[in-house]
Amino acid sequence: MSGGKALTPQSEDFSAWYNEVVQHAQLASHSPVRGCMVIRPYGYRIWELMQASLDGMFKDTGHENAYFPLFLPKSALDREAQHFEGFAPETAIVTHAGNAELEEPLVVRPTSEAIIWPILADWIHSYRDLPVLLNQWANVVRWEMRTRPFLRTTEFLWQEGHTAHATEADAEEETVRMLGVYRTFMEEWMAMPVVTGLKTDSERFAGALRTYACEALMKDNKALQAGTSHNLGQNFARAFEVRYQTEEGEHEYVWSTSWGVSTRLVGALIMAHGDDAGLVLPPLLAPHQVVIVPIWRDGEQQQTVLAAAHRVGQTLSSAGVRLHLDDREGINPGAKYYEWERRGVPLRLEIGPRDVAAGVVMSVRRSVAEGAQRKVPLAEADLGTVVPVMLRDIQEHILQQARAHRERNTVWGVTDYAEFRQFMEEGGGFAYTGWCGSAECEQRVKDDTKSTVRVIPDEEFRSPDAPDVCLCGADSLCQVVRARAY
RNA sequence: CGGGGAGUAGCUCAGUCCGGCAGAGCACUGGCUUUGGGAGCCAGGGGCCGCGGGUUCAAAUCCCGCCUCCCCGACCA
């Protein structure tokens, strides 16, 4: 177990806090290669739980998993001009195998469009072959300048959906549907509220027609792009000659989409819910939903207490609860409390001689609503029904807490530029403003305030108070959500 | 990739200026006593001092090159 006492408080240095949580909660550690991390079992388990949930949702919406190769010929990337321009600066290129120089260098995929579309061109011939609804779980490499564990690593794990459709409307429907799947996952599983909407041209995926995104607000009031869904139009179909024959016998390019979320979501989870005591995990994604800490003074008590702990464990397992019994000897209960709190376990059950005698266990929640009891004794006989209810309640509470944080740090209509600037300087958060639609204006605000347009919000997320003028004073084309971002 | 800081035991660091046996606390192992919010005593184990080269009788320490991490910028999931 890692030593150390208190973490750096979030208010003192948020990124130091973040790095310490990653280390001390045993989520990840560094590797010898720049920007590459080792995902440790506890962190990987969170990712596995995310994968399991998302994978089910993808399958429920008709997608199938496949796997495409890690390498693509360098020439393939060049096929779509914008795509190439977008990714060329950050690709890793293999030029040698052993001592021999390769005839054509290979690119390690930064994303798989350029690998998948040449293949799909062979698979798709007729309107009867459409839609193609694929997903793959894979690793990709992007040689970013500045890396941070989970948030931006040189190699990262993700899923990438790739679909082909007969019509523009079908592709758009798919793009929006998958954005909705992401939103549902983020809110229901990660307990992380998001704003969804359209990206501006400057933040659009290289080669896409339109990029939609889920934007979440972290505890330090910076925004994190948590997932993206792209309507690729016919751009990739044209670049890779993916055509199908219509019912009428015409040859048409397919309409395609791609969408992805990555291990960045683990970073999002840390920053959306964590506090000065460490990680706070939503029960649905917690490797251990419950940790049982037995307490004893002598061998006899140890036997009694452990027997009770195993009994409780049986009950909870049968009730579908993921639990861990911390029966390590020679470590005081208090030390175990600190450790599991730092690692974000939603619910702790303490079982001591007094509890066994009384037929109860002491439950302690990792996070509770203000004014609510953190420690509550529970009758052992009721655990099978009460604990699952508590876990659902904790899940809901964490979501509400994150929602409240976002509401507290959102301004719904800013017209005055000085006011906007002050908001971004004094803590920041989401600011709804108008936007004239000009890229120059967007860039100027970015240079000046470090804040960017996160999204042009979807209808549901629009502000009734959004101004009809841009920050530059010109007429507003649409309302936008601005924030400083990761 | 530019500017700044750092790398010595698993972790946090002292030692580097001024070259001369590799250190502390925590963690780890064993024993005894403990155990309801970070236990105590005793005994132990653990080091390519980031890597490579150079200077020197002698390098953690001085010189050169590189790698990695952290912070600030430009680039991005």
Side-chain angles (χ1 to χ4, degrees), chain A residues 1-6 8 13-16 18-20 22-24 26 29-37 85-91 110-111 139-160 182 199 202-206 211 213-216 223-230 258-268 277 293-299 301-302 305 326-342 348-356 358 361-362 364 374-375 377 443 446-447 450 452 485-486:
Chain A
M1 190 36 229
S2 61
K5 301 287 179 186
T8 301
D13 184 343
F14 193 83
S15 65
Y18 178 84
N19 288 327
E20 286 168 19
V22 169
Q23 300 301 323
H24 292 158
Q26 297 177 27
S29 45
H30 294 295
S31 77
V33 180
R34 198 192 82 88
C36 294
M37 66 174 175
E85 276 178 37
F87 283 103
E90 56 188 53
T91 54
T111 175
N139 58 339
V140 290
V141 168
R142 297 182 189 178
W143 220 265
E144 303 290 356
M145 297 288 97
R146 195 170 167 185
T147 61
R148 303 198 61 192
F150 292 110
L151 299 176
R152 189 173 301 105
T153 47
T154 302
E155 177 192 8
F156 57 94
L157 306 183
W158 76 345
Q159 62 63 221
E160 46 183 324
Y182 287 156
K199 284 288 183 183
S202 71
E203 302 226 347
R204 200 179 52 209
F205 177 75
T211 289
C214 295
E215 291 283 332
L224 184 74
Q225 180 171 304
T228 47
S229 185
H230 315 289
S258 71
W259 28 274
V261 295
S262 71
T263 35
R264 166 178 271 198
L265 290 182
V266 177
V293 178
I295 301 159
W296 65 79
R297 280 172 198 280
D298 55 43
Q301 288 186 347
Q302 183 179 6
V305 160
D326 189 351
D327 59 358
R328 288 176 294 174
E329 298 184 31
I331 298 175
N332 285 341
K336 294 179 181 177
Y337 302 164
Y338 279 102
E339 178 177 335
W340 292 115
E341 281 170 12
R342 191 169 50 208
R348 176 173 79 239
L349 298 179
E350 306 172 6
I351 307 182
R354 293 203 298 267
D355 305 309
V356 176
V361 305
M362 183 59 76
V364 186
R374 197 166 91 97
K375 290 178 88 151
Q443 185 64 38
K446 181 179 175 180
D447 292 342
K450 292 177 190 161
T452 52
Y486 275 96

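Below, chain A is the first sequence line, B the second, and so on; all start at residue 1. Scope of the values below: all heavy atoms of this structure, side chains included, with no hydrogens, waters or symmetry mates.
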Whole-Å gap separating [atom2] ([N]) and [atom1] ([X]):
{"X": "A:E20", "N": "B:C13", "atom1": "CD", "atom2": "C1'", "result": "14 Å"}
{"X": "A:R342", "N": "B:C11", "atom1": "CZ", "atom2": "C1'", "result": "11 Å"}
{"X": "A:Q23", "N": "B:C69", "atom1": "CD", "atom2": "C1'", "result": "10 Å"}
{"X": "A:H24", "N": "B:A27", "atom1": "NE2", "atom2": "P", "result": "13 Å"}

For the [atom1] atoms, the ones on [N] and on [M], what distance do you get once it is rounded to whole angstrom?
{"N": "B:G31", "M": "B:C67", "atom1": "P", "result": "48 Å"}
{"N": "B:U8", "M": "B:G2", "atom1": "C1'", "result": "29 Å"}
{"N": "B:G47", "M": "B:A14", "atom1": "C1'", "result": "16 Å"}
{"N": "B:C42", "M": "B:C63", "atom1": "P", "result": "43 Å"}

- Should we count CH2 of A:W143 as having more than 12 external heavy atoms under 6.0 Å?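 Open.
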- Message: Under 4.0 Å, heavy atoms only, any strand: does A:D298 hit a base, just the sugar-phosphate, or nothing?
- Response: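 If one applies the 4.0 Å heavy-atom cut-off, A:D298 turns out to touch nothing in the nucleic acid.
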- Message: Counting the atoms with a prime plus P, OP1 and OP2 as sugar-phosphate, which does A:E341 contact under 4.0 Å by heavy atoms, base, sugar-phosphate, or nothing?
- Response: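 The residue A:E341 makes base contact.
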Can you tell me which nucleotide in [options] comes closest to the side chain of [X]?
{"X": "A:Y337", "options": "B:A39, B:G37, B:C70", "value": "B:G37"}
{"X": "A:R374", "options": "B:G38, B:G37, B:G36", "value": "B:G37"}
{"X": "A:V364", "options": "B:G37, B:U35, B:C70", "value": "B:G37"}
{"X": "A:K450", "options": "B:G73, B:G36, B:C69", "value": "B:G73"}

Test side-chain hydrogen bond (donor to acceptor under 3.5 Å, both in side chains) applied to [X] - qualifying residues, sequence neighbours left out:
{"X": "A:Y337", "answer": "A:E350"}
{"X": "A:E20", "answer": "A:T8"}
{"X": "A:D13", "answer": "A:S15"}
{"X": "A:T211", "answer": "A:H230"}

- Would you please say whether a donor-acceptor pair under 3.5 Å links the side chains of A:D447 and A:Q443?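 A pair is found: one side chain offers a donor N or O, the other an acceptor, under 3.5 Å apart.
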Listing time: all N or O pairs from protein to nucleotides 75-77 of chain B that are below 3.5 Å?
unit_1, atom_1, unit_2, atom_2, d
B:C76, O2', A:E144, OE2, 2.7
B:C76, O2, A:R152, NE, 2.2
B:C76, O2, A:R152, NH2, 2.9
B:C76, N3, A:R152, NE, 3.3
B:C76, N3, A:R152, NH2, 2.7
B:A77, O3', A:Q225, NE2, 2.9
B:A77, O3', A:R264, NH1, 3.0
B:A77, O2', A:Q225, O, 3.3
B:A77, O2', A:R264, NE, 2.9
B:A77, O2', A:R264, NH1, 2.2
B:A77, N6, A:T153, N, 3.3
B:A77, N6, A:T153, O, 2.5
B:A77, N1, A:T153, N, 3.4
B:A77, N3, A:S262, OG, 3.4

- Item | A:F150 backbone acceptor or donor facing A:R264 side chain under 3.5 Å |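 Flag not set: sc A:R264 to bb A:F150 has no pair under 3.5 Å.
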- Using a cut-off of 4.0 Å between protein heavy atoms and nucleotide atoms, how would you tag nucleotides 29-34 of chain B 5' to 3' with B, S and -? -----B
- 5' precedence on RNA chain B between A:M362 and A:G35 (nearest-nucleotide basis):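 Of the two residues, A:M362 wins.
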